[in-house]
Amino acid sequence: MTQAGTQTTDGIAGGIAGPLEVDGIDMSRRLPQGVAPEDLVDIYRRMVLVRALDERIWMMNRQGKVPIAASGQGHEAAQMGSLLAAEKDGNCFFFPYYRDLSIKMSGLTPTQVMLSFMGKAGDAYSNARQFPLQGADLAHNIIQLSNVVAASLTQSVGYALGCRMLGDERVTLVYFGDGASSQGETHEAMNFAGVHRLPVVFICENNGYAISVPQRLQMAIGDVAGRAEGYGFPGLVVDGMDLLHSYEATAEAIAHARREGPVLLEMKVERLMPHTTDDDDSRYRPREEVEAAKLRDPVATLGAYLLAEAFLTEEQEEEIKAQARRAVNEATDAADATPPPDAGEMLKHVYAP
Amino acid sequence: MTQAGTQTTDGIAGGIAGPLEVDGIDMSRRLPQGVAPEDLVDIYRRMVLVRALDERIWMMNRQGKVPIAASGQGHEAAQMGSLLAAEKDGNCFFFPYYRDLSIKMSGLTPTQVMLSFMGKAGDAYSNARQFPLQGADLAHNIIQLSNVVAASLTQSVGYALGCRMLGDERVTLVYFGDGASSQGETHEAMNFAGVHRLPVVFICENNGYAISVPQRLQMAIGDVAGRAEGYGFPGLVVDGMDLLHSYEATAEAIAHARREGPVLLEMKVERLMPHTTDDDDSRYRPREEVEAAKLRDPVATLGAYLLAEAFLTEEQEEEIKAQARRAVNEATDAADATPPPDAGEMLKHVYAP
Amino acid sequence: MAVKSVIEAVREAMREEMRRDERVFVMGEDVGWRGGVFLATQGFIEEFGEARVIDTPLAEASIMGIALGASFRGLHPIAEVEFADFVWPTVNQLIGEAARVCYGTDGKLNAPMTIRIPYGGGIRGGLYHSQSVEAYFFHTPGLKVVAPATPYDAKGLLKASIRDNNPVVFLEHKKTYRLVRGEVPEDDYVLPIGRAEVKRAGSSITLVSYGLMLHYCLEAAEQLAAEGVAQVEVVDLRTLRPLDTATVLESVKKTGKLLIVHEDNITGGVGSEIAALAADAAFDYLDAPITRLCGPDVPTMPFAQTLEDAYMPNTHKIAEALRTLAAY
Amino acid sequence: MAVKSVIEAVREAMREEMRRDERVFVMGEDVGWRGGVFLATQGFIEEFGEARVIDTPLAEASIMGIALGASFRGLHPIAEVEFADFVWPTVNQLIGEAARVCYGTDGKLNAPMTIRIPYGGGIRGGLYHSQSVEAYFFHTPGLKVVAPATPYDAKGLLKASIRDNNPVVFLEHKKTYRLVRGEVPEDDYVLPIGRAEVKRAGSSITLVSYGLMLHYCLEAAEQLAAEGVAQVEVVDLRTLRPLDTATVLESVKKTGKLLIVHEDNITGGVGSEIAALAADAAFDYLDAPITRLCGPDVPTMPFAQTLEDAYMPNTHKIAEALRTLAAY
Ligand SMILES: Cc1ncc(C[n+]2csc(CCOP(=O)(O)OP(=O)(O)O)c2C)c(N)n1
Ligand SMILES: Cc1ncc(C[n+]2csc(CCOP(=O)(O)OP(=O)(O)O)c2C)c(N)n1
Ligand SMILES: [Mg+2]
Ligand SMILES: [Mg+2]
């Protein structure tokens with residue numbers, strides 16, 4: 001059995017080589033097997049777009065056009081790294097949580113995202129019955145029924161049980177925060193997955209806060225990953241600010257899950273924004289802490305790395321950002337011009353036929 | 001931090017010395033500090049009485065006079081060992097579970113026990129509103145509100161929080177089974193206790209079964225105690241068939257809890273009877289396993305040890321058993337002659353004044 | 001037709017559906033080698049194996065969440081809650097999540113799961129093994145709630161529940177398990193969810209009930225007929241949600257008098273909704289106050305025989321209420 | 001008297017009780033340095049310290065169980081459930097345990113705890129931040145359930161709840177927090193739990209409501225008076241359990257007509273009990289069908305403005321229902 005943060009499973013977290021540091025993060029490893037520079041450029045393009053959308057959504061909230069949003073800023077490397085691993089695997093199913101814009105973007109156009117945040121007709125997740133990007137996007141193997149913290153964990157384990165029963169080889173990825181680790185259902189989900197060695201990767205995006213509650217009041221331990229041992233499967237601490245580390249850990253975890261059973265990945269990340277647009281984090285979070293976190297911005301980090309490795313030129317990098325700005329502008333206009341769903345929709349679909 | 005089953009905390013589990021084996025259990029240790037031979041004789045007397053009551057209750061169920069009972073047979077050494085430690089400490093509060101007849105007997109006469117099992121007026125726990133010995137015996141620092149598995153764990157932690165707030169030095173002991181370890185509330189209770197370093201001793205009486213569900217389907221690990229690490233406090237495996245080991249572990253745990261915070265003790269025990277009088281364990285439990293377990297009967301083991309150490313003569317031992325038989329007979333007759341509570345009681349006490 | 005008990009009907013329904021459809025499986029505490037604490041799944045693990053008969057850890061929230069997740073994958077889980085009293089940890093998944101799958105995804109996803117819950121008292125179960133929990137699920141849009149009284153209805157409705165594409169809470173009154181016996185066809189049949197049944201026709205009073213109490217109602221109705229006091233029409237709701245208001249209202253409009261009987265606590269129970277519906281939609285037909293004979297407002301029934309008897313509605317109390325209503 | 005908002009009244013009640021009685025403390029998610037997500041406990045941790053203002057882990061079941069356990073030790077915890085929608089994990093402790101402490105120990109033990117629950121919609125909260133949950137607790141003997149509509153009632157009733165020796169579910173409608181303002185005395189006062197209040201006297205129709213809807217009811221009543229259509233008597237239940245049936249029935253007997261309004265789903269809601277009570281105990285006084293205007297039977301209100309508006313009862317819809325009833 002592996003210890004959180006100290007050992008590796010299946011060679012996860014191996015491969016760290018040289019001293020190249022970008023904004024304090026070691027980015028000098030060799031490219032993981034199967035990952036080409038183009039993959040990273042593509043991921044960067046998507047990260048930049050997600051970030052641009054995320055920022056615009058926040059702005060739209062201030063303008064009164066988006067009732068609520070949880071920002072994923074700071075979590076993008078963890079989310080995108082895991083997503084890349086799952087995409088390369090090709091047979092994964094996702095149970096993301098409300099902060100996983102990068103995951104949910106994978107199947108959507110920017111306009112679809114904006115429709116959802118503005119509560120407009122055509123929202124791909126729930127037709128604006130639910131909070132933004134909540135419901136299901138089955139075309140892209142995603143379910144996030146609710147934003148009830150930790151409610152998706154047992155569901156994801158059940159989904160994996162269903163996969164096992166049907167004899168497919170699908171691996172289920174379920175995402176949640178450090179706060180979610182305290183819920184009883186999280187314990188129950190991991191325990192069941194351990195007993196039945198189900199193909200599930202538990203991904204905890206630990207940003208050190210649950211709204212305002214800091215980790216020291218959430219748990220008496222340093223690493224959530226350490227709990228995996230109590231369920232009979234490996235748990236690993238991952239640098240979630242590091243795309244490659246997140247990718248590698250997830251790729252190995254997916255392979256392990258399919259072969260031997262669950263893995264818990266604890267991705268240490270930073271929340272760069274307040275909890276949601278409703279929150280004022282100055283009440284409880286030292287400004288210096290936030291400023292220090294922003295220096296480790298995962299989007300900037302990846303960009304700098306790609307430039308340093310010459311996987312990208314400065315012009316290309318500029319064009320990526322410009323493209324993102326254009327896409328976000330178009331999406332905003334399109335969504336703004338779309339009406340909310342018809343009032344008559346309210347009574348529909350309480351029951352399935 | 002201590003590892004389940006491998007290390008010790010505060011010297012717990014030290015002191016094992018020689019090769020004296022009684023029914024396969026090593027009983028050769030020196031008497032723990034503060035425990036006199038008379039203490040053990042007294043405990044034995046109480047164990048014999050509890051066992052005699054337990055057997056009679058089962059018989060009365062077959063006669064249609066006791067609607068339901070969970071037997072504690074096989075758990076007595078663990079229960080009595082922990083009870084002795086708490087009694088010697090003198091400032092403990094108990095949240096036992098339905099199988100803890102030995103704990104609850106501590107404050108009751110045999111007649112009171114029988115009244116409770118037969119659902120008669122004067123039951124000290126709930127006046128026969130609840131299952132036997134369920135409710136509260138505040139005079140003896142005991143609460144067991146329900147038999148909902150694991151529901152008492154968060155309550156006990158809250159009780160300990162209350163003690164901390166009032167500034168008393170009381171330590172709370174909460175008892176539960178291996179099955180209860182799977183409940184989400186168990187996780188939440190331990191997590192909170194760990195964060196606030198509350199004076200709680202968690203005592204898991206692991207008998208390897210939750211009704212019919214064997215440990216391999218309950219958890220993917222060997223020792224529940226190992227989970228304590230994930231909550232930032234020590235967990236220990238204890239031989240719950242061994243009174244002295246149970247005593248020592250609990251005594252140390254109480255001291256540790258008062259000083260530093262929670263401890264989880266996993267007492268490995270055997271369930272010698274079916275789950276309850278409603279159960280037929282032949283459906284799911286190999287007969288040989290039960291027979292083997294009965295050879296390790298904790299009451300017989302302690303008796304043999306006391307005789308071997310000459311703490312008790314054979315005549316004294318016989319007299320203890322005879323006394324117990326007389327007490328149980330008298331209790332049964334007295335309870336049988338008592339009426340159930342008046343029907344008018346049914347509407348009372350829904351609310352406190 | 002063979003005469004069977006309710007528990008046999010329940011077992012048969014599940015076994016037939018598991019044979020018929022590979023997607024159906026059972027999970028819960030002790031459903032495996034123990035065959036369930038009430039033996040509802042006796043022989044299942046021998047026939048269907050550990051993969052389709054899952055002895056879960058003792059953790060109700062996960063039983064419900066895992067069943068729900070499996071239903072997302074297209075399976076039709078039958079999750080057993082060992083006793084209704086232990087249903088509380090499941091409601092985050094059941095009320096909060098399962099009930100909203102279809103609505104919350106704009107109809108794109110659904111949850112074809114069945115939750116079997118043995119409930120009710122009169123069995124010396126005390127405060128934690130006697131509870132009626134139907135009102136909580138009855139109030140929850142997105143759930144269906146079925147509460148049969150007879151072996152015939154139990155089998156036909158359980159099969160319908162398993163095939164239904166929505167989460168169905170299937171309530172089995174524990175006391176009916178072995179007490180109530182009746183004819184059950186050998187062949188495959190399915191009864192529609194959402195239809196009440198007039199179990200006894202009558203003209204003077206409408207008596208609405210479900211579950212165990214239905215049988216006491218029928219006895220009381222016979223008694224009143226024998227006494228020549230009233231011809232009582234007994235409506236068995238069978239399904240609580242969606243409620244068959246048409247059948248209830250039709251009967252009330254005919255008789256002009258309504259008595260509702262359930263074992264569950266009176267305040268905010270299913271009976272209050274029946275009364276409210278009649279007081280609105282059948283107002284002009286009412287000849288007497290709408291009355292309810294239900295469990296009193298104490299936390300379910302206590303353990304002692306005397307106290308349990310005092311709690312439970314029974315044939316005698318029902319007959320008394322009917323006489324009062326007849327005399328109004 | 002100073003004019004205050006509901007959230008200010010709630011905050012004041014707690015602060016005064018914590019100053020008055022050392023046994024009172026607050027616990028819940030974000031109640032500490034954040035001061036609560038609605039700022040109900042703003043400034044508390046600064047005044048009372050971390051020992052009496054406990055930021056709990058994100059684990060609702062334990063919040064309730066720990067509060068309950070602390071109450072066993074004689075403390076008077078105020079546990080906050082961050083949003084009503086997240087109350088489900090607590091009900092094992094709340095419905096299953098806390099509600100039965102007194103009954104299950106034959107009156108020897110009790111649970112003096114208060115559970116504050118911000119509930120209700122009209123705030124673009126969508127399916128998981130808008131829910132009304134009162135019916136579930138209303139149906140549970142052993143709990144008290146309070147649902148004030150005004151700052152004055154909120155303060156007086158919250159103080160009463162904190163002092164009460166039973167578990168009190170204290171429901172605060174989120175939309176009233178800042179919207180509803182009113183006079184609140186500076187001095188210590190306590191209002192009795194279990195008493196409804198006639199918030200507007202009238203003779204032609206009884207209109208029963210609570211929480212946010214009460215304000216819409218009052219507006220509608222004014223409208224009908226202005227139109228000369230009816231003099232509507234508006235009864236604010238304030239406490240749902242124990243229900244003040246006397247005040248409701250007295251009003252119905254006077255007016256002969258009854259409309260019940262709540263935001264919660266109609267089927268099996270609190271309104272059904274009010275209707276059932278009146279259809280029994282005030283039957284001879286009724287001049288019209290008992291009507292209810294409540295949330296439709298969908299899982300609370302959706303997110304889009306159009307859908308939320310379609311769900312919510314409002315002044316216009318209430319006035320319409322009153323006109324229909326007046327014309328009957
Ligand atoms: C069961 C439940 N309780 C409370 C909330 C309110 N809430 C929303 S997010 C959140 C904090 C979650 O923290 P964490 O799991 O660490 O995720 P993060 O937001 O930090 O990514 C809380 C308390 C909720 N949504 N669900
Ligand atoms: C929440 C809950 N679920 C189910 C039950 C039914 N039940 C009673 S005891 C039991 C098994 C408990 O096993 P364990 O915790 O190992 O204790 P043991 O009986 O073995 O001492 C079960 C499932 C219950 N009482 N409470
Ligand atoms: Mg977090
Ligand atoms: Mg056990």
Side-chain angles (χ1 to χ4, degrees), chain C residues 60-61 85-97 99-100 103-104 126-128 131 135-142 240-243 258 260 264-284 286 288-292 296-300 302, chain D residues 60-61 85-97 99-100 103-104 126-128 131 135-142 240-243 258 260 264-284 286 288-292 296-300 302:
Chain C
E60 284 81 5
D85 313 69
F86 312 136
V87 81
W88 306 120
T90 74
V91 298
N92 187 44
Q93 290 293 333
L94 193 45
I95 295 179
E97 304 280 313
R100 302 182 187 181
Y103 196 75
L127 296 191
Y128 289 95
Q131 200 168 359
Y136 301 95
F137 304 115
F138 174 67
H139 179 59
T140 307
L240 304 181
R241 183 172 196 115
L243 198 59
L258 173 58
I260 307 148
D264 193 8
N265 309 116
I266 185 163
T267 297
V270 172
S272 62
E273 181 65 32
I274 309 285
L277 286 167
D280 185 355
F283 179 74
D284 290 330
L286 290 174
I290 298 174
T291 48
R292 289 177 290 164
D297 275 344
V298 307
T300 200
Chain D
E60 284 80 5
D85 312 69
F86 312 136
V87 81
W88 305 121
T90 75
V91 299
N92 188 43
Q93 290 294 332
L94 193 45
I95 295 179
E97 304 281 313
R100 303 181 186 181
Y103 195 75
L127 296 191
Y128 289 94
Q131 201 169 358
Y136 301 95
F137 304 115
F138 174 67
H139 179 60
T140 307
L240 304 181
R241 183 170 198 115
L243 198 60
L258 174 58
I260 306 148
D264 193 9
N265 309 114
I266 186 164
T267 297
V270 171
S272 63
E273 181 65 31
I274 310 284
L277 286 168
D280 184 355
F283 179 74
D284 290 331
L286 289 174
I290 298 174
T291 48
R292 289 177 290 165
D297 275 344
V298 308
T300 199

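Chain A is the first sequence line, chain B the second, and so forth, proteins listed ahead of strands; every chain is numbered from 1. Please read all numbers here as calculations on a predicted model, not as lab measurements.
Of the residues considered (D:Leu127, D:Asp85, D:Leu243), D:Leu127 shows the highest number of contacts with chain C, using heavy-atom pairs under 4.5 Å. When each of D:Pro141, D:Gly271, D:Gly269, D:Ala276 is checked for heavy-atom pairs under 4.5 Å with chain C, D:Pro141 comes out on top. Ranked by heavy-atom pairs under 4.5 Å with chain D, the list C:Ile266, C:Asp284, C:Val270, C:Val87 is led by C:Asp284. For the set C:Gly142, C:Ala279, C:Ala282, the entry with the most heavy-atom pairs within less than 4.5 Å of chain D is C:Ala279. Note: C:Pro289 leads C:Gly268, C:Pro296, C:Pro289 in heavy-atom pairs under 4.5 Å with chain D. The greatest number of non-hydrogen atom pairs below 4.5 Å with chain C, out of D:Arg292, D:Gln131, D:Glu273, is found for D:Glu273. When C:Ser272, C:Ala275, C:Pro89 are compared by the number of non-hydrogen pairs under 4.5 Å with chain D, C:Ser272 comes out ahead.
A pairwise comparison of heavy atoms in D:Phe138 and C:Thr267 identifies CZ-CG2, 3.6 Å as the closest pair.
Taking the side chain as every heavy atom from C-beta outward, C:Arg241 and D:Asp297 approach each other to under 4.5 Å.
Not a single donor-acceptor pair under 3.5 Å links the side chain of C:Arg100 to the backbone N or O of D:Pro299. Remark: the backbone N or O of C:Gly96 is paired with a side-chain donor or acceptor of D:Tyr128 at under 3.5 angstrom.
Using a 4.5 Å cut-off between heavy atoms, D:Ala281 does not touch chain C at all. Both the backbone and the side chain of D:Leu277 come within contact range of chain C, each with at least one heavy atom under 4.5 Å from a heavy atom of that chain. Neither the backbone nor the side chain of D:Ile274 comes within contact range of chain C, judged by heavy atoms closer than 4.5 Å. Contacts of C:Ala288 with chain D are made by backbone atoms alone, with heavy-atom separations under 4.5 Å and no side-chain atom involved. When heavy atoms are compared at a cutoff of 4.5 Å, D:Thr140 approaches chain C by way of both its backbone and its side chain. Heavy atoms of D:Gln93 lying under 4.5 Å from chain C are absent altogether.
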Quiz prompt | CA sep, side-chain torsions, deciding dist, call: D:Ile290, C:Phe283, side-chain contact (heavy atoms from CB on, under 4.5 Å) | solution = CA-CA 8 Å; D:Ile290 298 174; C:Phe283 179 74; 5.6 Å; no
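A side-chain contact (heavy atoms from CB on, under 4.5 Å) with D:Trp88 holds for exactly one of C:Leu94, C:Ile95, C:Thr90; it is C:Ile95.
Ring-plane geometry between D:Tyr136 and C:His139 is classed as perpendicular, the angle between the planes exceeding 60 degrees on a 0 to 90 degree scale with a lower cut at 30.
Remark: D:Ile260 CD1 to C:Asp280 CG distance equals 9.5 Å, nearest 0.5 Å.
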